[in-house]
2 protein chains.
Amino acid sequence: MDERKRQVLFSIVRDYIQTAEPVGSRTIARRYDLGVSPATIRNEMADLEELGYLEQPHTSAGRVPSDRGYRFYVDAIGGLPELTSAEAALVKKHLGGKLRGQELMLEATARLLSILTNYTSIVITPAQARPKLRLLQVIPLADHRAVVMMVSDNGVVANEVLTIPENLSFDDLAEICAYINYQYNNVSLDRLQFADFSGRMSARIEAFERAMDSLIANLERRESDRVVLGGATNILNQPEFKDVAKLRAILRVLEEHDLVFKLVRTSASNPASISIGAENPLEELKECSIITATYRFGGLKTGHISILGPTRMEYPRVIALLSFVSRFISES
Amino acid sequence: MDERKRQVLFSIVRDYIQTAEPVGSRTIARRYDLGVSPATIRNEMADLEELGYLEQPHTSAGRVPSDRGYRFYVDAIGGLPELTSAEAALVKKHLGGKLRGQELMLEATARLLSILTNYTSIVITPAQARPKLRLLQVIPLADHRAVVMMVSDNGVVANEVLTIPENLSFDDLAEICAYINYQYNNVSLDRLQFADFSGRMSARIEAFERAMDSLIANLERRESDRVVLGGATNILNQPEFKDVAKLRAILRVLEEHDLVFKLVRTSASNPASISIGAENPLEELKECSIITATYRFGGLKTGHISILGPTRMEYPRVIALLSFVSRFISES
DNA sequence: TTTAGCACTCACTGATAGAGAGTGCTAACA
DNA sequence: TGTTAGCACTCTCTATCAGTGAGTGCTAAA
């Protein structure tokens, strides 16, 4: 693979990324100044196809990069591309300023990434390991209602509004809570069992038990990794997915957050964090690429941000953007 | 509009709902036993078209119901259709059992509705009016961190994890909270201003101020109506939307939760809560129908559940399902 | 009033031809 | 020996056209 072949390959990749049309030898000769004639380029293209970097949709069409071609291109980009300062400023403007809490921040990130790239963005919130009970508390409200809330040792809070049953006073509830706090403090959430507990009270307090179950479920869910999508419908803009069947396959994957989660995880464990076409584990996404970056909140909890787009993706720009954003939110 | 015309119209509507193909006179004569010949039906069809209940895609095609035709059909269904007992059981199985808290419950509802109908479901969570501060509290965690949480008088909770600044002890924080609780108890959230407050302390506590702002924003957001979608991609299954341009228009609307919210609200204020085709305010949805039902949590807070599908929707079934589900979740 | 018959309309299908883009090969050239 | 011009060839794409079939509207008979 000599220098000129590289140039030809890169020209084709770049042109195809821009136009989504198979690229012919004449186009290359005209548009990129390689100083050789179309015929020469044709010869190089034939070689590149033989080597597996290019493909031909049909005999008399131009060439299209193969997954391998994109891979070569991406690996060759090397030294992290820089974001334009205009875009960097945009990121700072939208994600900087007043920090608005983890959840809102991550949603804003997902939205921003999808707008800037015109692809679909995926944000995975950081997960905690085996949360423990830190505090259970009731707070009275009007109309015989009360909030019950539960805090984990990671500071995650779940809450539930409860109508206080007839046979119970608010003070009774408070007493129960005090007992639970005493008994179960710092106990792993998955080992809490409230069902048998309320037998200690004179009467069973069904409403309360149910609220407890609900709280635990809720808390565990919040503790676990969540998936936030941005611009899921951006795929509709890509010409390669104007076929409804393909669209459906991809959107169905995006609806299944479990799948998305695993996908991003495998992509992230990749050293380079870029999965191109068939490299990624889901058949449905064999015409898509996924780029993933990792961020850290407070130096501890790690999550991921990804961009999902067609294999014909603007790799340098997306890589630059993701690495910038992940650094930015890690620092703030 | 005599009895036979009604029968012809209904047959066409039903057939078209099932097949999505323009319906011809012969088909009606064969498939529905009206006791008259195709020629007669043709005459009736011509009349119905003149009256605006039917449309013809082109001269030599069968007839398709117009919005007005669907409207007539829907109004004529009258006395609420009943859900099959099998489906009712399914609803009970998935939404009954242990009540798992409002949020999870509503998400489960959205999912269930979309699966049962194969259309897109929209769930609007109930809104509260002008929430007030009920309680602010800090809870210490390990590693110099603490949870700050804020509870509104409606029992909605927002929380934020805070790293306690060097120049502050946990007790300082607790004291600040005590002061705020004393000073601002039962004050409407939108009138809280913490920025000037911390000037009272010896040093400005920026981290704390920011956490407060974040909490308020978060709380207000949670208090407001939220939109939960189920099966947004089900639209892809409808033959009338195999055109990507139409799809994009609809999915874009669904991505804008503000729009969806207004849409459901206008639909719900409709007495019958059914918007057919051009009846509904968004141009993009002029080939869709929306059916909305209202539910109440705890007898107070009202929210909505809707189904969005093509105008060619299985109205009776969807109406039955929605009214059953809304009753079910209102009672539980 | 209903129905049978019939001419007419129009989308859809498949075949065919021509245009255009692009290739691969050969032979000439530097 | 590498590069280039020329040319035949391939294949898709588009337009055109005839044939088919579903369905209609009208007319006249029952």
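Proteins come first, then strands; the chains are lettered A, B, ... in the order of their sequence lines, and each starts at number 1. If you're wondering where the values come from, they're calculated on a predicted model, not measured in any experiment.
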Evaluate the side-chain contact (heavy atoms from CB on, under 4.5 Å) criterion for residues A:Ile274 and A:Ile319: first the C-alpha distance (whole Å), next the side-chain angles of each, then the deciding distance (0.1 Å), finally the verdict.
-> CA-CA 9 Å; A:Ile274 301 180; A:Ile319 293 172; 3.6 Å; yes
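- Atom pair B:Ile28:CD1 and D:dT24:P shows a separation of 9 Å (rounding to whole Å applied).
- When rounded to the nearest whole Å, the span between CD of A:Glu21 and C1' of D:dC11 equals 16 Å.
- A residue-by-residue look at B:Ala39 and A:Glu49 shows that B:Ala39 has its nearest nucleotide of DNA chain C further toward the 5' end.
- Formation of a donor-acceptor pair under 3.5 Å by the A:Thr19 side chain with backbone atoms of A:Asp15 is found in this model.
- Summarising the geometry, atom OH belonging to A:Tyr119 is positioned 10.5 Å from atom CG belonging to A:Leu308; distances are rounded to the nearest 0.5 Å.
- Using modelled atom types and a 3.5 Å distance limit, the side chains of A:Arg312 and A:Gln18 yield no donor-acceptor pair.
- Residues of residues 3-18 of chain A having a heavy atom closer than 4.0 Å to DNA chain C: none are found.
- Note that OG1 of A:Thr117 and CG of A:Asn234 are 6.5 Å apart. Values are rounded to the nearest 0.5 Å.
- In this structure, the side chain of A:Thr40 does not engage the main chain of A:Val36 through any donor-acceptor pair within 3.5 Å.
- The nearest whole Å value for the distance from the CD atom in A:Glu50 to the C1' atom in C:dT23 is 15 Å.
- Put simply, CD on B:Glu44 is 13 Å from C1' on C:dT3, counting in whole angstrom units.
- Between B:Asn43 atom CG and D:dT24 atom C1' there is a gap of 11 Å when expressed in whole angstrom units.
- In the model, B:Ser289 has a side-chain atom that pairs as donor or acceptor with a side-chain atom of B:Tyr315 under 3.5 Å.
- For the salt bridge (Lys or Arg N to Asp or Glu O under 4.0 Å) test, no residue two or more places apart in sequence or in another chain qualifies with B:Asp243.
- Residues A:Gln238 and A:Asn118 share a closest heavy-atom pair of NE2-O, 3.9 Å.
- An OP1 or OP2 oxygen of D:dT4 is reached within less than 4.0 angstrom by a side-chain nitrogen or oxygen of A:Thr40.
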Find every protein N or O atom lying less than 3.5 Å from an N or O atom of nucleotides 11-22 of chain C, and list the pairs.
{"residue": "C:dG22", "atom": "O4'", "partner": "A:Ser60", "partner atom": "O", "Å": "3.2"}

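- Not counting sequence neighbours, the partners of B:Glu49 by the salt bridge (Lys or Arg N to Asp or Glu O under 4.0 Å) test are B:Arg63.
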For residues 275-283 of chain B, which side-chain N or O atoms pair as donor and acceptor with protein atoms under 3.5 Å away, sequence neighbours left out?
{"residue": "B:Glu279", "atom": "OE1", "partner": "B:Arg71", "partner atom": "NH2", "Å": "2.6"}
{"residue": "B:Glu279", "atom": "OE1", "partner": "B:Ile276", "partner atom": "N", "Å": "3.0"}
{"residue": "B:Glu279", "atom": "OE2", "partner": "B:Arg71", "partner atom": "NE", "Å": "3.0"}
{"residue": "B:Glu279", "atom": "OE2", "partner": "B:Arg71", "partner atom": "NH2", "Å": "3.4"}
{"residue": "B:Asn280", "atom": "OD1", "partner": "B:Leu282", "partner atom": "N", "Å": "3.4"}
{"residue": "B:Asn280", "atom": "ND2", "partner": "B:Gly277", "partner atom": "O", "Å": "3.4"}

Atom pairs, protein N/O to nucleotides 18-20 of chain D N/O, distance under 3.5 Å:
none

